[in-house]
Protein chains: 2
Amino acid sequence: MKHLIHTLNKAFDNRVRLGVMAVLMANEAVSFNDLKEALDLTDGNLASHVSALEKAGYVLVNKQFVGKKPNTTYQATKEGKSAFQDHLTALEKLLRGSP
Amino acid sequence: MKHLIHTLNKAFDNRVRLGVMAVLMANEAVSFNDLKEALDLTDGNLASHVSALEKAGYVLVNKQFVGKKPNTTYQATKEGKSAFQDHLTALEKLLRGSP
DNA sequence: TCTACTAGCTTTGCATCACAAAGTGCTCTG
DNA sequence: CAGAGCACTTTGTGATGCAAAGCTAGTAGA
């Protein structure tokens with residue numbers, strides 16, 4: 001008997017990735033440093049989680065120069081947004097105890 | 001700058017433990033086998049997660065005999081319920097993007 | 001040109017964790 | 001006595017989280 005918990009997306013089962021997605025749902029594009037400060041993470045830590053989300057096709061990476069400085073921004077893909085929504089509704093269903 | 005994600009309870013940051021707590025919030029007492037079937041887990045897997053929650057003081061273990069068969073039931077402690085509620089509200093705040 | 005600095009990673013290393021499968025000890029049933 | 005059910009515990013393997021250090025490319029200052 002398959003339970004709801006098995007439908008939760010493994011890509012989001014981590015607090016940092018939840019935070020990243022939450023920020024990216026609320027803001028169109030967010031820079032590396034803004035994300036890092038917003039979530040209070042070390043850069044390596046953030047980089048690894050973001051790259052995991054990128055590999056999953058859930059975030060889009062945009063490397064460019066702003067003035068003379070490199071600037072990488074991230075945004076959620078359409079897939080990412082809907083997968084995240086699905087994850088949230090599954091979570092809610094699970095937590096409201098209504099199978 | 002501390003972010004909400006750092007206030008999420010580590011004891012609950014796993015899908016199985018979320019499921020266990022959700023079931024225990026909805027039902028006063030649940031037996032080992034019922035939990036195992038409800039969540040579709042192997043017994044070893046369930047046992048380890050439940051014992052983690054027990055060590056955290058979030059679930060209460062009740063060993064007894066029903067007729068002649070051993071029967072272990074679990075229930076959420078008061079601490080467990082309130083910690084879980086806190087976790088959920090933190091989650092919601094995080095996901096609704098309203099700091 | 002030498003040095004320092006920033007942004008954004010990648011690598012390393014360690015500790016933790018999830019999970020399945022197998023094993024254990026107990027009791028009851030046939 | 002054999003077998004089965006309950007509730008674990010142990011074992012083993014592979015994935016994960018995380019911090020810290022290292023690295024690279026470009027820029028700015030002296």
Side-chain angles (χ1 to χ4, degrees), chain A residues 1-21 23-24 29-56 58-75 87 94, chain B residues 1-21 23-24 29-56 58-75:
Chain A
M1 199 149 285
K2 277 278 168 226
H3 189 269
L4 270 168
I5 62 173
H6 300 298
T7 73
L8 294 178
N9 195 329
K10 242 197 152 184
F12 300 133
D13 70 354
N14 163 274
R15 62 180 71 206
V16 172
R17 299 211 275 263
L18 271 186
V20 170
M21 289 308 289
V23 171
L24 293 184
V30 182
S31 74
F32 185 89
N33 271 323
D34 286 352
L35 249 190
K36 182 180 127 185
E37 270 181 40
L39 300 174
D40 188 36
L41 298 170
T42 59
D43 47 4
N45 199 355
L46 174 58
S48 73
H49 285 293
V50 170
S51 95
L53 289 171
E54 191 196 356
K55 236 170 273 172
Y58 292 158
V59 312
L60 221 166
V61 179
N62 213 322
K63 285 168 201 253
Q64 57 188 344
F65 272 71
V66 170
K68 299 299 180 63
K69 292 191 171 181
N71 184 276
T72 305
T73 59
Y74 304 98
Q75 46 189 312
H87 181 75
L94 159 62
Chain B
M1 201 150 282
K2 276 280 170 224
H3 188 269
L4 270 168
I5 61 172
H6 300 297
T7 73
L8 294 178
N9 195 329
K10 240 197 154 185
F12 301 134
D13 70 355
N14 164 273
R15 62 179 71 206
V16 172
R17 299 212 275 263
L18 271 186
V20 170
M21 290 307 289
V23 171
L24 293 184
V30 182
S31 74
F32 185 89
N33 271 322
D34 287 353
L35 248 190
K36 183 181 125 184
E37 270 181 41
L39 300 175
D40 188 37
L41 299 169
T42 58
D43 48 3
N45 199 355
L46 174 58
S48 74
H49 284 293
V50 170
S51 94
L53 288 170
E54 190 195 354
K55 235 170 273 170
Y58 292 158
V59 310
L60 220 165
V61 179
N62 213 323
K63 286 168 201 254
Q64 57 188 345
F65 274 70
V66 171
K68 298 299 181 60
K69 292 192 171 179
N71 184 277
T72 306
T73 59
Y74 304 99
Q75 47 188 309

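Note that the structure is a prediction, hence the values are computed from the model and not measured. Naming: A, B, ... by sequence-line order, numbering from 1 per chain.
Using a 4.0 Å cut-off, no side-chain N or O of B:R15 falls inside it from OP1 or OP2 of C:dA18. OP1 and OP2 of D:dC18 both lie 4.0 Å or more from every side-chain N or O belonging to A:T42. Between B:H49 and C:dC19 there is a side-chain polar atom (N or O) within less than 4.0 angstrom of OP1 or OP2.
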Trace of the side chain to side chain contact (heavy atoms under 4.5 Å, CB included) decision for B:L35 with B:V23: CA-CA 8 Å; B:L35 248 190; B:V23 171; 4.0 Å; yes
Pair B:H49-B:L18, side chain to side chain contact (heavy atoms under 4.5 Å, CB included): steps then yes or no: CA-CA 10 Å; B:H49 284 293; B:L18 271 186; over 6 Å; no
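For B:K36 and C:dA20, the NZ to P distance is 12 Å, given to the nearest whole Å. Atom P of nucleotide C:dG8 and atom CD of A:Q64 are separated by 10 Å, given to the nearest angstrom. Here the P atom of nucleotide D:dA15 and the NZ atom of A:K55 are 13 Å apart, to the nearest Å. Across the protein-nucleic acid pair, A:I5 atom CD1 and C:dA18 atom P stand 12 Å apart, rounded to whole Å. In this structure, B:L53 atom CG and C:dA18 atom P are separated by 10 Å, rounded to whole Å. Distance CD (A:E37) to P (C:dT6): 13 Å, rounded to an integer number of Å. C:dC19 atom C1' lies 12 Å from atom NE2 of A:H6, rounded to whole Å. One can place CG of B:L8 at 16 Å from C1' of D:dC18, the figure rounded to the nearest angstrom.
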Show the distances under 3.5 angstrom between N or O atoms of the protein and N or O atoms of nucleotides 9-13 of chain C.
unit_1	atom_1	unit_2	atom_2	d
C:dC9	OP1	A:K63	NZ	2.1
C:dC9	OP2	A:T72	OG1	3.3
C:dC9	OP2	A:Y74	OH	2.7
C:dC9	N4	A:D43	OD1	3.4
C:dC9	N4	A:D43	OD2	2.7

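In this structure, CG on B:N9 lies 4.0 Å from OH on B:Y58, to the nearest 0.5 angstrom. For the atom pair CG of A:L41 and NZ of A:K36, the computed distance is 9.5 Å after rounding to the nearest 0.5 Å.
Minimum interatomic distance between B:R15 and A:D13 (heavy atoms only, all atoms of both residues): NH2-OD2, 3.6 Å. Between B:I5 and A:L39, the shortest heavy-atom distance links the atoms CD1-O, 4.0 Å.
When each of A:L41 and A:K10 is assigned the nucleotide of DNA chain D with its nearest heavy atom, A:K10 is the one assigned upstream, toward the 5' end.
When atom types are taken as modelled, the side chain of A:R17 and the backbone of A:L53 share no donor-acceptor pair closer than 3.5 angstrom.
Taking only side-chain atoms of A:N33, from C-beta outward, the nucleotide of C:dA7, D:dC18, C:dA18 with the closest atom is C:dA7.
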